[in-house]
Amino acid sequence: MSMTGTAMEEAVSGVRSLGGEGENHGLPRNGQRKRQMRIVRRVTLIVAVAWLALVAGTGWWMSQRILTEQLDSLAASAEYEATTTARVMDRLFTEMVSVANMVANQAQVVQLAARYRTDPPGAIDLTRQQRAAQFTRDPLVRAVGDFMNGLASDLDYARIYMNNMSDDTVTASNWAEPDSIVGMIYSGRPYLLEALRNGTGSSFGIARLNKTPSYFVASRIDDDSGVPLGSVTVKFDAPDVAHYLTGRHVALIVNRQGRVITTSSEPFMLRNVAALLPPGTIAPPDGEEELGEPMAVRALAEAGQTDQWLIEGRPYLLRRQALMNTPYRLLTLAALDELAPMRTQHLVTAGLAAGLGLALILLGGRIATQLAERRLRAEQDRVIAISKAAERDLTIKVRERTSELAESNASLKAEMDRRHGLEAKLRQSLDSVNDALAQQRDFVAVVSHEFRGPLAVIAAAADNLSHFGAEGADNIRLRATKIRQTVKRMSILIENVLAGDRLDAGEAPHAMIETLDLNDILEVARAGLDDDSAERVRVLHGREVLVRGDRYLLEITLQNLIQNALKYSPAGSPVTVRLSVDPEVAFVDVEDRGTGVRPEDREMVFAKYYRAAGQRTNGSGLGLYISREIARQHGGDLTLVASRADGSTFRLSLPLVEAAGRDDPVSGRTTPLRNEFADLGED
């Protein structure tokens with residue numbers, strides 16, 4: 001608009017100069033008029049070209065900047081969602097492996113596998129129903145099937161089943177249902193062959209009975225001598241896994257051949273998107289699984305950012321994420337459909353601005369021409385007319401500029417409202433997830449609370465039975481002792497399960513922090529053992545060792561370490577607990593006489609629910625995980641400092657009171673400790 005005013009001033013100046021020359025030199029009126037008109041047209045053309053160039057350049061720059069910001073926002077959102085979803089998938093797959101290992105090491109499962117290690121001669125000639133009838137007549141088959149059914153229901157697995165060395169299904173979680181798979185012979189299944197060969201096996205496939213795409217994870221069953229007896233398989237249907245792929249963008253889990261095996265968008269399911277995988281990561285077909293129908297995929301070479309692809313005619317921004325302990329890969333696709341309409345909107349806006357400005361420039365040129373013509377009639381009238389026209393034109397330009405600014409502000413407000421709406425939807429989604437997690441924690445707390453009452457009654461009954469039994473009733477006292485030991489293990493398991501759930505929840509209520517002597521904590525932990533276990537535990541301590549922390553949580557940590565050492569040591573072998581200090585840290589070393597921890601398991605033993613393959617002892621896989629978390633929240637740590645064939649040593653390190661006073665790790669890091677675990681041992 002300012003250029004139009006300048007052009008008018010130049011035109012008026014030209015008219016004035018020409019008018020003066022005409023008066024001075026006596027040029028004819030028609031000659032003056034033609035000369036003035038040429039100057040006005042030239043100036044108008046220059047201004048129009050400059051205006052169009054300015055609108056084109058500014059519009060292109062603003063459009064590119066807005067599109068780049070939108071693309072960066074989508075890229076950041078896709079990257080965050082890919083990272084978060086990958087963590088969820090890693091946890092699901094790790095949980096499946098842990099559950100398969102746990103079931104394969106369950107005592108009744110091992111007993112059942114040993115009983116039906118191979119099919120008797122002629123079993124192959126029987127129908128599935130006949131083989132199933134033979135198996136289900138065995139009460140142990142039904143008991144193990146019920147155990148698998150309860151576990152599968154709790155974890156939302158499709159099925160858990162056990163096969164013998166003849167690939168015959170001995171029992172399953174659906175053994176009592178009409179569509180039971182008991183008696184089915186699964187010959188040639190890659191996950192079963194891999195499990196019998198390497199200890200564990202996994203694969204993805206389409207179930208042959210219900211045609212459901214599913215994940216299969218198998219674990220080998222060994223006897224005490226390491227002889228294979230069969231395998232346990234956990235089946236998790238892909239549609240159930242897809243429930244965890246919630247988010248704003250499309251999430252795909254693909255195998256090494258590029259086939260989509262789980263997705264949050266149904267059109268991608270079981271299709272092949274091998275072109276999206278990184279170069280060199282695509283594996284050749286293994287002959288077991290189909291490749292899937294290929295999708296039309298090509299890279300957008302003209303895109304401003306990398307990893308932009310056109311899939312079935314729609315543009316997407318791609319983010320890849322490898323999954324731990326699986327051959328699969330997570331792909332996150334952010335749709336770019338909204339960018340094309342945005343470009344069109346920018347083009348239309350720039351065209352309207354250019355047209356409006358051009359119209360104003362032409363109008364200004366016309367006005368300048370009229371003013372020039374009036375100048376020829378009378379000098380005074382011309383000056384007055386030009387002044388009024390300039391004032392009027394300035395007012396029009398101010399109003400038009402004000403209107404443009406108002407339209408821009410309205411457009412900006414609409415964009416802000418749209419983004420606020422998206423933020424509100426995101427907050428609602430996060431609130432829904434948090435509500436679901438809160439309901440899960442409440443459920444775990446209620447179940448744990450309901451277990452404590454019956455356990456307390458059982459423990460009291462065992463005490464009464466032991467104290468008031470008849471003289472010489474050693475058998476009764478022995479059974480009462482076993483009942484108390486079982487109640488003790490169940491109580492510790494409940495405390496660990498609830499503690500693990502609270503640790504995952506990340507709650508932060510206030511702590512009950514005090515200065516403690518580790519010697520007292522060790523004595524309390526040793527006093528909680530039964531007589532046989534207490535005789536095996538040797539505690540080596542000396543002078544007073546003061547730390548700051550929550551007494552209850554530290555007792556849980558030391559009880560877990562001592563119970564773990566007793567459980568994995570041969571019966572009657574000693575367990576040594578040694579307390580030592582350096583200038584700033586206190587150490588508690590718990591040394592057992594077990595077989596040690598394999599190198600590949602030395603970090604995984606601290607994972608939640610993880611139990612190493614081949615272990616014959618019962619357990620939940622929570623003790624070491626919870627103990628390390630409590631230690632770290634106290635400013636210390638729990639590590640495996642030694643592991644040999646004749647035993648392992650776990651070390652708990654905590655800052656001394658002097659070190660804690662300087663760095664204040666407890667007050668800065670463990671404030672949310674006490675109430676987080678306060679109701680573990682209370683009813």
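As the structure is a computational prediction, the values presented were derived from the model and not from experiment.
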- Task: Apply the test side-chain contact (heavy atoms from CB on, under 4.5 Å) to residues Thr557 and His634: give CA-CA distance (whole Å), side-chain angles for both, the deciding distance (0.1 Å), then the verdict.
- Result: CA-CA 11 Å; Thr557 300; His634 278 76; over 6 Å; no

- Task: List the steps and the verdict of side-chain contact (heavy atoms from CB on, under 4.5 Å) for Asn164 and Arg117.
- Result: CA-CA 5 Å; Asn164 61 12; Arg117 184 174 185 272; 5.7 Å; no

- Message: Between Glu514 and Arg548, is the side-chain contact (heavy atoms from CB on, under 4.5 Å) condition met? List the steps.
- Response: CA-CA 5 Å; Glu514 58 181 312; Arg548 281 183 59 79; 5.9 Å; no

- Checking side chain to side chain donor-acceptor pair (under 3.5 Å) for the pair Asn101/Ser219: CA distance, chi angles, key distance, verdict? CA-CA 6 Å; Asn101 287 336; Ser219 180; 2.7 Å; yes

- Task: Could you walk me through whether Asp520 and Arg551 pass salt bridge (Lys or Arg N to Asp or Glu O under 4.0 Å), step by step?
- Result: CA-CA 10 Å; Asp520 296 339; Arg551 176 184 296 273; 5.3 Å; no

- Please lay out, stage by stage, how Met148 and Asn174 fare under the test side-chain contact (heavy atoms from CB on, under 4.5 Å). CA-CA 9 Å; Met148 291 179 174; Asn174 68 340; over 6 Å; no

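By the 6.0 Å contact criterion, CZ on Arg256 is open, its count of non-hydrogen atoms from other residues, nucleotides or ligands being 12 or less. Within a 6.0 Å sphere centred on OH of Tyr80, heavy atoms belonging to other residues, nucleotides or ligands number 12 at most. At most 12 non-hydrogen atoms from other residues, nucleotides or ligands lie less than 6.0 angstrom from CZ of Arg578. Around atom CZ of Arg538, no more than 12 heavy atoms belonging to other residues, nucleotides or ligands sit under 6.0 Å away.
The only member of Tyr215, Phe236, Phe216 that meets ring-ring contact (aromatic ring centres under 6.0 Å, His included) when paired with Tyr157 is Phe236. Screening Val545, Val524, Leu546, Val539 for a side-chain contact (heavy atoms from CB on, under 4.5 Å) with Asn519, the sole residue that qualifies is Val545.
In this structure, Ser573 contributes its side chain and Pro570 its backbone to a donor-acceptor pair below 3.5 Å. Not a single donor-acceptor pair under 3.5 Å links the side chain of Asp601 to the backbone N or O of Val605. Remark: the backbone N or O of Ser225 is paired with a side-chain donor or acceptor of Asp223 at under 3.5 angstrom. Checking side-chain atoms of Ser643 against main-chain N and O of Val597 turns up a donor-acceptor pair under 3.5 Å. Here the side chain of Arg628 pairs no donor or acceptor atom with the backbone of Leu652 at under 3.5 angstrom. A side-chain donor-acceptor contact under 3.5 Å links Thr171 to the backbone of Val141.
Partners of Thr85 by side-chain hydrogen bond (donor to acceptor under 3.5 Å, both in side chains), not counting sequence neighbours: none found. Applying the side-chain hydrogen bond (donor to acceptor under 3.5 Å, both in side chains) rule to Asp589 yields the partners Arg651; only residues at least two apart in sequence or on another chain are considered.
Inter-residue side-chain proximity for Ile160 and Leu155 is flagged as unmet; no heavy-atom pair is nearer than 4.5 Å. Within the 4.5 Å cutoff, side-chain heavy atoms of Met89 are placed close to those of Leu245. Looking at heavy atoms from C-beta onward, Leu151 lies in side-chain contact with Met102 at the 4.5 angstrom threshold. Using a 4.5 Å heavy-atom cutoff, the side chains of Asp167 and Arg189 are not in contact. Annotation: side chain of Ser653 is in contact with side chain of Phe587 (closest heavy-atom distance under 4.5 Å). Here the side chains of Val588 and Leu518 are in contact, with some heavy-atom distance below 4.5 Å. When side chains are defined from C-beta on, Ser627 counts as touching Leu638, because their heavy atoms get closer than 4.5 Å. No side-chain heavy atom of Asp240 sits less than 4.5 Å from a side-chain heavy atom of Asp156.
Interatomic distance, Thr262 OG1 to Tyr244 OH, rounded to the nearest 0.5 Å: 12.5 Å. Rounding to the nearest 0.5 Å places OG1 of Thr576 at 11.0 Å from CZ of Arg536. Summarising the geometry, atom OG belonging to Ser173 is positioned 6.0 Å from atom CZ belonging to Arg159; distances are rounded to the nearest 0.5 Å. Separation of atoms CD1 (Ile221) and CD (Gln111) is listed at 12.0 Å; rounding is to 0.5 Å.
Side-chain contact of Asn149 with Trp175: a donor-acceptor pair under 3.5 Å is absent, judged by distance alone. A side-chain N or O of Ser214 and one of Asp237 form a donor-acceptor pair less than 3.5 Å apart.
Nearest heavy-atom pair, Ser203 versus Tyr328, reported as atom, atom and distance to 0.1 Å: C-OH, 3.5 Å. Scanning all heavy atoms of the two residues, the minimum distance from Leu561 to Val590 falls at O-CG1, 3.8 Å. Scanning all heavy atoms of the two residues, the minimum distance from Ser569 to Arg593 falls at OG-N, 3.2 Å. The minimum heavy-atom distance between Pro583 and Leu656, with the atom names listed, is O-CD1, 4.0 Å. Scanning all heavy atoms of the two residues, the minimum distance from Glu591 to Thr649 falls at CG-OG1, 3.6 Å. Residues Asp550 and Ile513 share a closest heavy-atom pair of N-CD1, 4.2 Å.
Between Arg87 and Asp90 no salt bridge is recorded (no basic side-chain N to carboxylate O distance below 4.0 Å). The pair Lys567-Asp592 fails the salt-bridge criterion, with no side-chain N (NZ, NE, NH1 or NH2) lying under 4.0 Å from an Asp/Glu carboxylate O.
Between Phe135 and Tyr116, the ring planes lie perpendicular to each other; the angle is over 60°, past the 30° to 60° tilted range.
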